[in-house]
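These notes are about the structure you will find just below.
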Amino acid sequence: MPENTNTEKEKPRIGVFICHCGSNIGGFVDVKAVTEYASTLPDVAYATDNLYTCAEDGLNNIKESIKEHNLNRVVVSSCTPRTHAPLFQRTCEAAGVNKYMFTFVNIREHCSWVHMKQKEKATQKAKDLVRMGVARARFLEPQEETKVDVTPVALVVGGGVSGMTAALSLANMGFPVHLVEKEKALGGFVKNLHGLMMTTKSANETIKPLIDKVDAHKNITQHLSSHLASVEGFIGNYDVSIGGDGAEAKDVKVGTIIVATGAVPLVPEGLFGYKEHPNIITSTEFEELCNKKELPKLKSVAFIQCAGARGQKVSYCSRICCNVAIKSAISIAENRDNMLGVTEEEGGVVEEPVAEKKAEDEGLDRRRRRRGRGRREEGEAGEESAPSSGVDITVFNRDVMAYGVENELEFNKAREKRVKFIRYVPDNLPKVSVKDGKLEVEYFHETLKMERTMPVDMVILSTPLVAQPDAATLSQLLKVPLGQEGFFQEAHVKLRPVDFATDGVYVCGTCRGPADIAEAVYQAAAAASRAAIPLANGFVQAEALTSRVDETKCTGCGTCVEVCPYGALRKSEEGISEVIAAACKGCGCCGATCPEGAITMTHYTDLQLLAEAKAALEEV
Amino acid sequence: MTEKKHHTAHHGKKKGEADKEWEPKIVGFLCNWCSYAGADLCGVSRFQYPTNIRLVRVMCSTRVSPHLVLEVFEAGADGILIGGCHLNDCHYMTGNFHTEKRVNLMKKLLREAGIDEGRLRLEWVSASEGEKFSKVVTEFTEEIQKLGQSKVHADDMVKAKVAAADDASETFRLKALVGKEFNLLDKGNAYGDKLDPEKFRGIIDAATEDEFERALILELARIRPMSVKQLGMVMDTPTDRILRHIVLLRQNSKIAMEHPEGFTPVYKTVAIGGEQ
């Protein structure tokens with residue numbers, strides 16, 4: 001590529017190329033008249049019209065004219081910069097004009113196509129638009145695009161399933177990974193669980209291979225009982241200080257960061273009699289009891305779904321709790337691993353005789369025939385024979401969210417096990433009360449339209465996953481946003497679900513919102529592959545159009561640092577603002593905000609924008 | 001405050017314009033990602049609109065500072081349209097929230113300057129709302145047609161007031177207040193406390209009135225040295241307020257007594273740097 005020959009100091013010599021776009025412009029605007037007018041404008045050294053400026057002869061015309069007329073600025077007046085600017089910018093560069101010395105004037109979408117029946121006025125407007133473009137072009141400055149080197153090391157925050165998966169993916173790609181976990185062991189939330197959906201393996205057995213691989217991988221450095229103490233820098237160049245319990249902070253340099261800090265279950269203070277009786281517990285506490293083999297003797301269990309969710313303490317549906325309740329209900333019904341604290345002498349464990357199963361199936365068929373499509377609506381208490389473990393299981397729910405293929409099958413399986421699903425409406429929540437040391441659930445039966453009371457041995461509250469209490473601290477350290485419910489917020493809900501808007505930081509797993517293990521795994525794999533791109537490239541292209549701080553004007557008030565959505569401004573050691581070019585996206589918010597007028601938005605300076613806008617008002 | 005009824009097209013014309021009907025001059029600042037794309041789609045779909053608007057592309061509506069808008073009004077624009085992405089759809093996440101706060105300030109300053117705030121319009125137009133763009137422009141052009149020609153070139157006092165509004169918008173106090181407004185109201189301060197929007201608006205409004213009056217004093221006393229009483233009359237503002245401003249402006253060496261007329265001091269704006 002020839003070297004850019006123009007300099008800032010050079011007197012502007014502007015070339016104006018006006019496109020007919022066949023008849024798209026030429027049919028509604030007098031292009032010849034506009035061209036003639038353009039040649040009279042200040043600093044215009046050459047003006048011409050092309051049938052199609054974007055066609056090969058049009059582009060050649062630009063290149064030749066740049067040489068012939070010694071042009072240092074180019075204005076193309078045709079269609080929209082959103083589609084054609086890169087083409088013309090490349091043409092300018094090929095002829096030695098910096099691509100930022102180019103101005104686009106839109107006389108098709110914004111003129112000929114919207115004023116098709118007013119040729120005279122449209123022509124006048126096209127002249128005005130060209131005058132505006134020329135006025136802007138006079139103040140353009142060449143810009144350089146710079147590359148920033150990337151440290152090919154990743155940092156993963158959180159050693160749960162998603163964090164481990166992400167770390168392992170990156171490590172397998174050959175990148176060194178620092179894995180920071182605040183607890184003293186890997187495994188996250190899942191390691192405290194007893195059973196999982198769709199597998200008879202325990203939670204610990206399920207995730208053990210993952211932990212083993214992480215433990216064995218030479219590319220992964222684990223930092224257990226640790227947290228991020230400080231994070232400085234930007235994509236490709238983060239200086240991270242990892243603090244441990246009582247240990248001295250370790251400083252590492254990383255290129256990209258994945259946030260996988262998980263979530264915690266809501267503690268349902270004040271809801272459904274929680275803590276008023278030792279047998280009113282959350283689904284997480286149920287898992288812990290199962291793990292410790294401390295589940296009491298049970299004849300009947302009630303699950304209450306959406307305990308604290310969907311408008312109570314949090315607004316959202318926690319996505320996994322219906323499936324968790326279905327899973328737990330099935331394992332209780334099957335008395336999996338003799339989880340129930342009932343001994344054989346007491347007659348608790350009942351083998352499932354073939355005859356009984358047959359009778360059950362018939363019962364189910366009969367009921368399905370009778371109820372037709374209302375299958376999911378509710379189940380009637382006491383109508384069917386008990387599950388094989390002999391425990392009466394009821395799931396009080398607003399509606400069962402057993403989405404997808406596998407979950408629906410599990411839901412059906414639970415029903416086949418005689419788990420009863422009884423609906424409630426949010427205006428009429430079930431009430432849990434303790435009478436003479438015994439538990440009772442009072443509820444309104446929506447089908448029978450009757451108040452009913454159900455004595456139970458245990459109430460399991462399905463509480464939602466909520467954001468980590470320290471998510472806000474991490475969000476401030478990494479300068480990435482939290483959503484309304486305190487979960488980390490991705491760059492785009494559909495198209496960029498594992499990116500943050502800030503380049504170089506990615507998100508996966510339940511710290512972004514409730515997810516099951518499989519979902520967390522594929523989010524983690526996705527985040528790892530996104531985080532690997534800059535690491536593999538070895539560099540990032542810094543935006544040429546960034547804001548710039550005038551050090552002589554900046555007083556260090558910090559307003560720009562507050563408003564920048566990308567953390568692209570920071571205070572230097574001298575206490576004044578500086579722009580991190582690699583992080584800046586060029587929106588210009590800091591420039592419009594700066595109380596001292598010390599920040600200029602490159603390529604969209606006040607001078608350029610005012611010249612352009614005021615040119616619109618000139619009388620001709 | 002609304003403007004006084006404008007002259008109809010047959011009155012108040014400059015020389016040499018006798019045959020030329022007045023046509024509104026409207027400038028639009030559109031963000032690259034939504035509104036500009038919406039205007040493109042409007043063209044692609046051939047939705048027609050009046051020819052009066054001239055569009056300027058910025059990357060985000062948040063780039064449109066009060067200074068840009070007020071200086072373009074000062075240069076004689078009859079109307080200004082700012083187009084951005086819908087709230088929560090901003091390409092830069094929170095840019096248009098800041099735009100919204102800044103437009104509040106611009107409108108307040110326009111009211112102070114006696115310019116109908118209807119001359120400034122903020123619209124959220126997405127890339128898929130081509131038809132909406134044509135409706136917005138058509139409607140806005142009609143509205144400006146009704147409001148009539150800007151009087152900045154015809155009336156020196158109007159020009160001085162718009163210039164004062166522009167200067168006021170550039171003061172540290174207003175820029176800092178409005179710059180912090182979104183974060184303070186929507187995200188909370190360093191302690192997580194969110195401020196009461198009403199109360200904060202009250203603070204900004206009071207600051208805007210002060211800054212505008214001070215800027216206008218400087219503007220007027222730059223053109224012609226004036227006493228407190230004269231300023232009060234010209235600005236239609238109580239003299240005690242004027243005096244308070246003068247005391248502060250003197251402390252900051254922005255205004256100084258030029259000469260006394262009898263026992264009455266007459267003030268002149270201190271020229272700074274390259275200013276005359």
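Letters A, B, ... mirror the listed sequences (proteins, then strands); counts begin at 1.
Heavy-atom pairs under 4.5 Å with chain B were tallied for A/Ala122, A/Cys589, A/Pro565, A/Ala616; the largest tally goes to A/Cys589. With respect to chain A, the highest number of heavy-atom pairs below 4.5 Å among B/Thr94, B/Val27, B/Leu55 belongs to B/Leu55. Taking B/His91, B/Met93, B/Arg102, B/Arg173 one by one and counting their heavy-atom pairs under 4.5 Å with chain A, the maximum is reached by B/Arg102. Options B/Lys25, B/Glu170, B/Arg46 differ in how many heavy-atom pairs under 4.5 Å they form with chain A, and the most are formed by B/Arg46. When A/His110, A/Arg136, A/Gln489 are compared by the number of non-hydrogen pairs under 4.5 Å with chain B, A/His110 comes out ahead. With chain B as partner, the option from A/Pro81, A/Gly586, A/Cys557 having the largest number of non-hydrogen pairs under 4.5 angstrom is A/Pro81. Comparing A/Met601, A/Arg108, A/Glu596 by how many heavy-atom pairs each has under 4.5 Å with chain B, the most go to A/Glu596. When each of A/Lys117, A/Met132, A/Gln118 is scored by its heavy-atom pairs under 4.5 Å with chain B, the top score falls to A/Met132. Most heavy-atom pairs under 4.5 Å with chain A, from the set B/Ser134, B/Cys60, B/Gly95: that is B/Cys60.
Ion pairing between A/Lys585 and A/Asp503 holds under the 4.0 Å rule for side-chain N and carboxylate O. A salt bridge between A/Glu612 and B/Arg54 is absent, with no side-chain N of the basic residue lying under 4.0 Å from a carboxylate O of the acidic one. A salt bridge is defined here as a Lys NZ or Arg NE, NH1 or NH2 lying under 4.0 Å from an Asp or Glu carboxylate O, and B/Glu123 with B/Arg121 meets this definition. Salt bridge present: B/Glu181 and B/Arg201 bring a charged side-chain N and a carboxylate O closer than 4.0 Å.
Other residues, nucleotides and ligands contribute more than 12 heavy atoms inside 6.0 Å of the CD atom of A/Glu485. Atom CG of A/Asp550 has more than 12 heavy atoms from other residues, nucleotides or ligands within 6.0 Å. More than 12 non-hydrogen atoms from other residues, nucleotides or ligands lie less than 6.0 angstrom from NZ of B/Lys132.
For A/Asn106 (side chain) and A/Glu109 (main-chain N/O), a donor-acceptor pair under 3.5 Å exists by modelled atom type.
Looking at A/Cys560, neither its backbone nor its side chain comes within 4.5 Å of chain B, counting heavy atoms on both sides. When heavy atoms are compared at a cutoff of 4.5 Å, B/Phe29 approaches chain A solely by way of its side chain, counted from C-beta outward. Using a 4.5 Å cut-off between heavy atoms, A/Ser112 makes no contact with chain B at all. Both the backbone and the side chain of A/Glu562 come within contact range of chain B, judged by heavy atoms closer than 4.5 Å. Proximity to chain A (any heavy atom under 4.5 Å) is shown, for B/Arg57, by both the backbone and the side chain. With a 4.5 angstrom heavy-atom cutoff, A/Glu618 touches chain B only via backbone atoms. Using a 4.5 Å cut-off between heavy atoms, B/Glu23 touches chain A through its side chain atoms alone. Neither the backbone nor the side chain of B/Ile26 comes within contact range of chain A; no heavy atoms are under 4.5 Å apart. Using a 4.5 Å cut-off between heavy atoms, B/Asp40 touches chain A through backbone and side chain atoms alike. At a 4.5 Å heavy-atom cutoff, the contact between A/Met116 and chain B is made by backbone and side-chain atoms alike. Using a 4.5 Å cut-off between heavy atoms, B/Asn32 touches chain A through backbone and side chain atoms alike. Heavy atoms closer than 4.5 Å to chain A are found in both the backbone and the side chain of B/Phe172.
Ring to ring, B/Tyr49 and B/Phe133 are close: their centroids are under 6.0 angstrom apart. Taking the six-membered ring for Trp and the full ring otherwise, the centers of A/Phe104 and A/Phe102 sit less than 6.0 Å from each other.
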Decide salt bridge (charged side-chain N to carboxylate O under 4.0 Å, His left out) for A/Asp128 and A/Arg131; before the verdict, give the C-alpha distance in whole Å, the side-chain angles of both, and the deciding distance to 0.1 Å. CA-CA 5 Å; A/Asp128 289 355; A/Arg131 185 174 66 240; 3.0 Å; yes

Checking side-chain hydrogen bond (donor to acceptor under 3.5 Å, both in side chains) for the pair B/Thr99/B/Arg63: CA distance, chi angles, key distance, verdict? CA-CA 8 Å; B/Thr99 311; B/Arg63 171 66 190 88; over 6 Å; no

Could you please spell out the steps behind the side-chain hydrogen bond (donor to acceptor under 3.5 Å, both in side chains) verdict for A/Lys121 and A/His115? CA-CA 8 Å; A/Lys121 283 186 174 181; A/His115 313 306; over 6 Å; no

